Number of protein chains: 4
Amino acid sequence: MTPVKKLSRRERERLRQRRDMLAAALELFSRNGYYNVSMNEIAEKAEFAVGTLYKFFKNKEDLYRSIMIEETDWFHKVMDQALDSGGDEIEKLRNYVSTRGVAVTEKEAVVRLYHAEVRGRSFNLRAGLDDEIIKQLNELRERLTSIFASGIKKKIFRPIAEPRQLAVALENICSGFIMRWLEDPQNNKYPEEPDVILNIIFQGLIPGEYHSPRPAAQNS
Amino acid sequence: MTPVKKLSRRERERLRQRRDMLAAALELFSRNGYYNVSMNEIAEKAEFAVGTLYKFFKNKEDLYRSIMIEETDWFHKVMDQALDSGGDEIEKLRNYVSTRGVAVTEKEAVVRLYHAEVRGRSFNLRAGLDDEIIKQLNELRERLTSIFASGIKKKIFRPIAEPRQLAVALENICSGFIMRWLEDPQNNKYPEEPDVILNIIFQGLIPGEYHSPRPAAQNS
Amino acid sequence: MTPVKKLSRRERERLRQRRDMLAAALELFSRNGYYNVSMNEIAEKAEFAVGTLYKFFKNKEDLYRSIMIEETDWFHKVMDQALDSGGDEIEKLRNYVSTRGVAVTEKEAVVRLYHAEVRGRSFNLRAGLDDEIIKQLNELRERLTSIFASGIKKKIFRPIAEPRQLAVALENICSGFIMRWLEDPQNNKYPEEPDVILNIIFQGLIPGEYHSPRPAAQNS
Amino acid sequence: MTPVKKLSRRERERLRQRRDMLAAALELFSRNGYYNVSMNEIAEKAEFAVGTLYKFFKNKEDLYRSIMIEETDWFHKVMDQALDSGGDEIEKLRNYVSTRGVAVTEKEAVVRLYHAEVRGRSFNLRAGLDDEIIKQLNELRERLTSIFASGIKKKIFRPIAEPRQLAVALENICSGFIMRWLEDPQNNKYPEEPDVILNIIFQGLIPGEYHSPRPAAQNS
DNA sequence: GATGAATGAGAATTCATTCAT
DNA sequence: CATGAATGAATTCTCATTCAT
């Protein structure tokens with residue numbers, strides 16, 4: 001995908017170091033929060049001297065921001081692929097839901113940080129998240145939104161709410177389950193079957209157990 | 001609830017002072033985050049000396065914790081009342097949704113903090129939220145859960161997912177909308193009509209615009 | 001002179017502390033130079049905690065700058081008085097010379113710092129000396145200049161150079177002697193008799209040993 | 001002077017490198033001060049690696065000291081030559097004055113540093129200037145002193161002060177003018193005509209405009 | 001021999017907390 | 001009892017120096 005290939009040993013080494021630093025910092029930040037992690041701790045965990053950290057990152061905030069940017073990139077990419085998957089709108093949403101779950105298992109720390117920062121609005125960054133990050137998150141939501149829109153247009157989905165509202169709802173239901181899972185993995189699982197979540201929004205639409213019974217009956 | 005009534009002037013005065021301190025701290029914490037607020041700032045805003053703050057609260061964390069406890073109490077009480085409302089399960093949920101919206105307008109700062117802390121899992125508290133707070137939040141979720149359960153039992157709701165999952169979903173959809181609203185009040189409003197949210201979960205059930213068309217038709 | 005008098009005990013106390021801090025810092029700076037003195041050292045010498053230093057001064061540079069300003073003020077005032085002295089132009093210059101000498105004995109540390117900063121152009125202040133300080137030093141030179149000018153006009157002094165050049169010369173001869181004195185007090189004294197210095201510039205004019213004899217005579 | 005000639009290519013190369021390093025460092029030190037110049041900056045400007053700097057100089061202070069020694073050597077040599085010039089005492093002093101001026105134009109950076117260090121007593125060197133440097137500076141002053149002494153003896157100069165005092169005075173008048181020049185080249189020039197400075201000290205003696213006129217006349 | 005990445009001691013600064021008045 | 005000045009531990013960041021390649 002990238003036209004790389006020719007990285008000198010030196011460059012590869014530097015990249016590896018950078019990755020190690022980011023990994024150590026990510027782990028600590030996601031576990032203890034920005035303000036409860038000192039540069040010395042990060043250095044120690046990454047097995048470098050503090051000074052070396054500062055060769056790679058201008059300051060603590062820059063280090064944090066770099067993590068956020070790289071991981072948002074990763075998240076964006078992963079989710080993008082999920083939504084690129086062939087299939088109809090339902091299939092895409094199914095992919096969205098299950099990929100959100102997969103992402104956690106792959107990078108728990110990232111997701112943890114993502115939740116603190118994006119869902120909870122932490123105050124780690126004085127100036128707030130980078131525009132670039134916000135842009136990516138918005139893009140993702142817009143993709144979801146247009147999937148809902150097109151699904152509605154094709155009459156696959158009933159227009160039970162505006163597409164963007166549906167997108168927000170879906171995002172947040174997923175996040176809610178993930179959060180619970182992270183907080184108490186014993187007792188909470190992220191639904192293995194994405195339809196559990198989709199059913200919440202589209203029970204009438206998703207073919208499956210709860211589908212056939214006419215909704216009608218209930219209130220009459 | 002408590003057998004109040006007999007508070008000496010002294011005691012009433014102290015309570016007032018305490019309330020002022022908590023209010024000042026709440027405002028600042030919710031706006032700048034725990035670590036970007038100093039005890040001196042709080043003291044100044046509350047118009048007390050720092051020393052006085054320490055007469056009321058053991059330390060900064062205790063002050064923060066106290067806010068969380070009091071405000072969770074308030075939130076719990078408000079939401080509890082909403083769910084106590086007469087009416088069937090649908091009515092109760094409607095009340096839940098709209099009360100969540102009302103709560104924001106009444107105590108924006110509280111909700112802001114609540115979101116950082118509960119939704120995002122901030123790291124203001126080293127040791128995490130108090131058990132007492134967690135207990136209350138769980139209670140609230142359990143009430144929601146049993147509303148869903150009873151609704152399903154009464155066949156008002158279709159059993160599209162487990163009651164607790166539905167509760168989590170509802171909570172998070174609401175939070176999602178509230179968060180967006182807080183972040184950009186210009187462009188995002190919390191749905192004035194609670195049914196917008198409930199429709200997402202129960203479009204087949206809530207009587208209304210999108211109800212009648214049989215969901216069935218579309219894919220089969 | 002100042003309309004003070006009514007300083008609360010608190011204020012007087014604060015002033016005293018500030019003075020102590022400045023004194024400790026002056027002593028250290030003048031002996032070791034800006035960059036070889038740490039805030040902790042200053043705090044220790046002044047018998048305060050570092051934090052207290054920062055209550056009085058925004059940062060290290062501010063502390064240094066404050067010293068420079070206060071001491072330049074003092075120096076300016078002392079020299080100004082010297083030049084205010086009654087008497088003709090010769091008398092004023094005599095006063096200038098001897099007061100420069102007195103100033104050293106009174107505040108050796110100040111003069112030491114003054115020399116590093118003003119004569120040598122140190123690099124303690126990134127942004128250079130305050131305009132206020134430079135203004136005062138220029139004023140002093142201008143006063144000297146006009147004394148020379150008026151002396152020349154009155155034909156007390158021969159116009160051997162431009163008045164400002166004479167002022168610069170006088171300043172620097174004095175500084176030169178002072179510097180030598182400070183560096184090696186054993187072997188160098190600042191001329192007790194100001195005429196020694198004035199004679200260098202005005203040997204033909206200052207009444208005294210070298211005065212009356214026609215210059216011609218000198219080699220007879 | 002030294003029995004040079006036989007330097008291997010290797011050695012010549014090393015000398016050239018050393019010179020480049022010293023030149024880069026001189027430029028930076030004289031402009032920003034010892035403590036505001038990092039070894040990395042010097043290395044970069046000299047186009048070497050830091051490590052290489054340390055092959056030539058034990059440490060930062062040694063580098064600085066080396067500059068001072070080499071440049072003092074140069075200055076000493078230049079001034080020595082000036083004083084070697086044929087001619088009587090007056091001629092020699094004239095040469096001293098004008099050579100001081102020439103030196104600035106040739107090596108402004110050196111003079112800048114010289115002033116900070118020698119005139120101002122900077123604190124770049126913890127242990128003060130090298131004895132060797134001090135010795136050279138003293139030698140120069142002694143030469144000046146003996147010129148004054150011999151001039152007085154020959155009755156070319158009137159004994160308006162002790163020879164050494166005259167030497168100090170002359171040195172400092174020159175330095176004073178040079179400093180002003182360096183600080184504000186627009187508005188201050190070093191007297192092109194050395195007699196301007198010499199007149200200040202010897203107006204009665206230097207043949208010229210102010211020489212013959214009887215000093216007597218003046219105050220009557 | 002040259003390089004420059006890595007090191008870590010040291011300095012400035014902040015802020016929760018204490019305690020004399 | 002309230003006050004707020006004083007404290008000093010902890011944190012971020014820099015830069016002279018070293019040493020493996």
Side-chain angles (χ1 to χ4, degrees), chain A residues 9-10 13-14 17-18 21 34-44 46-63, chain B residues 10 13-14 17 34-44 47-64, chain C residues 9-10 13-14 17-18 21 34-44 46-64, chain D residues 10 13-14 17 34-44 46-64:
Chain A
R9 206 170 61 64
R10 163 73 41 94
E13 172 66 3
R14 263 188 88 74
Q17 292 182 332
R18 195 187 138 94
M21 289 174 187
Y34 185 77
Y35 290 102
N36 296 311
V37 172
S38 77
M39 290 301 268
N40 274 312
E41 275 178 271
I42 297 172
E44 196 161 354
E47 301 189 277
F48 288 99
V50 244
T52 312
L53 242 54
Y54 282 88
K55 287 276 196 299
F56 287 75
F57 306 98
K58 207 168 107 278
N59 52 35
K60 190 179 178 184
E61 183 166 327
D62 181 39
L63 168 54
Chain B
R10 162 70 43 93
E13 173 64 3
R14 268 188 80 77
Q17 292 183 333
Y34 185 76
Y35 289 101
N36 296 311
V37 172
S38 74
M39 291 301 268
N40 271 308
E41 276 178 87
I42 297 172
E44 194 162 356
E47 302 187 279
F48 288 98
V50 247
T52 313
L53 243 52
Y54 280 86
K55 289 279 189 293
F56 286 76
F57 306 98
K58 206 168 110 275
N59 52 34
K60 190 180 178 184
E61 184 166 327
D62 180 39
L63 168 53
Y64 185 82
Chain C
R9 206 169 63 63
R10 163 73 43 93
E13 172 66 3
R14 262 188 89 75
Q17 292 182 331
R18 194 186 139 95
M21 289 174 186
Y34 184 77
Y35 290 102
N36 296 310
V37 172
S38 76
M39 290 301 268
N40 273 310
E41 277 178 89
I42 296 172
E44 196 162 354
E47 302 188 278
F48 288 98
V50 247
T52 312
L53 242 52
Y54 282 87
K55 286 278 194 300
F56 286 76
F57 306 98
K58 204 168 110 278
N59 52 35
K60 191 180 178 183
E61 183 166 326
D62 181 39
L63 169 54
Y64 185 80
Chain D
R10 162 71 44 93
E13 174 63 4
R14 270 190 77 78
Q17 292 182 333
Y34 184 77
Y35 290 101
N36 296 312
V37 172
S38 74
M39 291 301 268
N40 272 309
E41 276 178 88
I42 297 172
E44 194 164 355
E47 302 188 277
F48 288 98
V50 249
T52 314
L53 244 52
Y54 281 85
K55 288 278 191 292
F56 286 76
F57 306 98
K58 206 167 107 277
N59 52 34
K60 189 179 178 184
E61 183 166 327
D62 181 38
L63 168 54
Y64 185 83

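Keep in mind the model is a prediction, meaning the values are calculated, not measured. Below, all heavy atoms of this structure are taken into account, side chains as well, without hydrogens, waters or symmetry copies. Letters A, B, ... are given to chains in the order of the sequence lines, protein chains preceding strands, and every chain is numbered from 1.
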Problem - Enclosure of D/Glu13 CD (heavy-atom neighbours >12, cutoff 6.0 Å) - result: yes
Handout entry: Value rounded to 0.5 Å, distance of CD1 in C/Ile42 from CG in C/Leu63
Key = 5.0 Å
Problem - Pairwise 5' ranking along DNA chain F for D/Asn59 and A/Ser38, keeping only the more 5' one - result: A/Ser38
Fill in the blank from the handout: The dot-bracket string of DNA chain F, counting Watson-Crick and G-U wobble pairs with both distances under 3.5 Å, using [ ] for crossing pairs and | for pairs to another strand, is .||||||||||||||||||||
Practice task
To the nearest 0.5 Å, tell me how far A/Phe56 CZ sits from A/Phe48 CZ.
Solution key: 6.5 Å
Problem - Side-chain N,O (C/Tyr54) to OP1/OP2 (E/dT13) below 4.0 Å - result: yes
Practice task
Return the value, rounded to whole Å, for the distance between atom NZ of B/Lys58 and atom P of E/dT17.
Solution key: 9 Å
Handout entry: Considering all heavy atoms, the nearest A/Ala49-A/Ala43 contact
Key = C-CB, 3.9 Å
Fill in the blank from the handout: Between CD of B/Glu47 and P of F/dG4 the distance, given in whole Å, is 12 Å
Problem - Pairs meeting criterion salt bridge (Lys or Arg N to Asp or Glu O under 4.0 Å) with involvement of residues 51-61 of chain A, two or more places apart - result: A/Glu61-A/Arg65
Exercise for the section: Please round to the nearest 0.5 Å and tell me the distance separating atom CZ of A/Phe57 and atom CG of A/Asn59. Expected result: 11.0 Å
Problem - Value rounded to 0.5 Å, distance of CD in C/Gln17 from CG in C/Leu53 - result: 11.0 Å
Practice task
Measure the distance from CG on D/Asn36 to C1' on E/dA11 and round it to the nearest whole Å.
Solution key: 14 Å
Fill in the blank from the handout: Taken to the nearest whole Å, CD/A/Glu61 to P/F/dT11 is 18 Å
Exercise for the section: Between C/Met39 and B/Met39, name the one whose nearest nucleotide on DNA chain E is closer to the 5' end. Expected result: C/Met39
Exercise for the section: Using whole Å, report how far CD of A/Glu41 lies from P of F/dT11. Expected result: 7 Å
Practice task
Rounded to the nearest angstrom, tell me the gap between atom OH in D/Tyr34 and atom P in F/dC15.
Solution key: 13 Å
Practice task
Calculate the interatomic distance between C/Phe57 atom CZ and E/dA12 atom C1'; express it in whole Å.
Solution key: 16 Å
Handout entry: Gap between atoms OH and P, on A/Tyr35 and E/dT14 respectively (whole Å)
Key = 14 Å
Practice task
Just compare F/dT17, E/dT17, E/dT13 and give me whichever is closest to any side-chain atom of C/Lys60.
Solution key: E/dT13
Problem - Spatial distance of atom OG (B/Ser38) from atom CG (B/Asn40) [nearest 0.5 Å] - result: 5.0 Å
Find every protein N or O atom lying less than 3.5 Å from an N or O atom of nucleotides 4-6 of chain E, and list the pairs.
unit_1, atom_1, unit_2, atom_2, d
E/dG4, N7, D/Gly51, N, 3.1
E/dA6, OP1, A/Gln17, OE1, 2.6
E/dA6, OP1, A/Gln17, NE2, 2.2

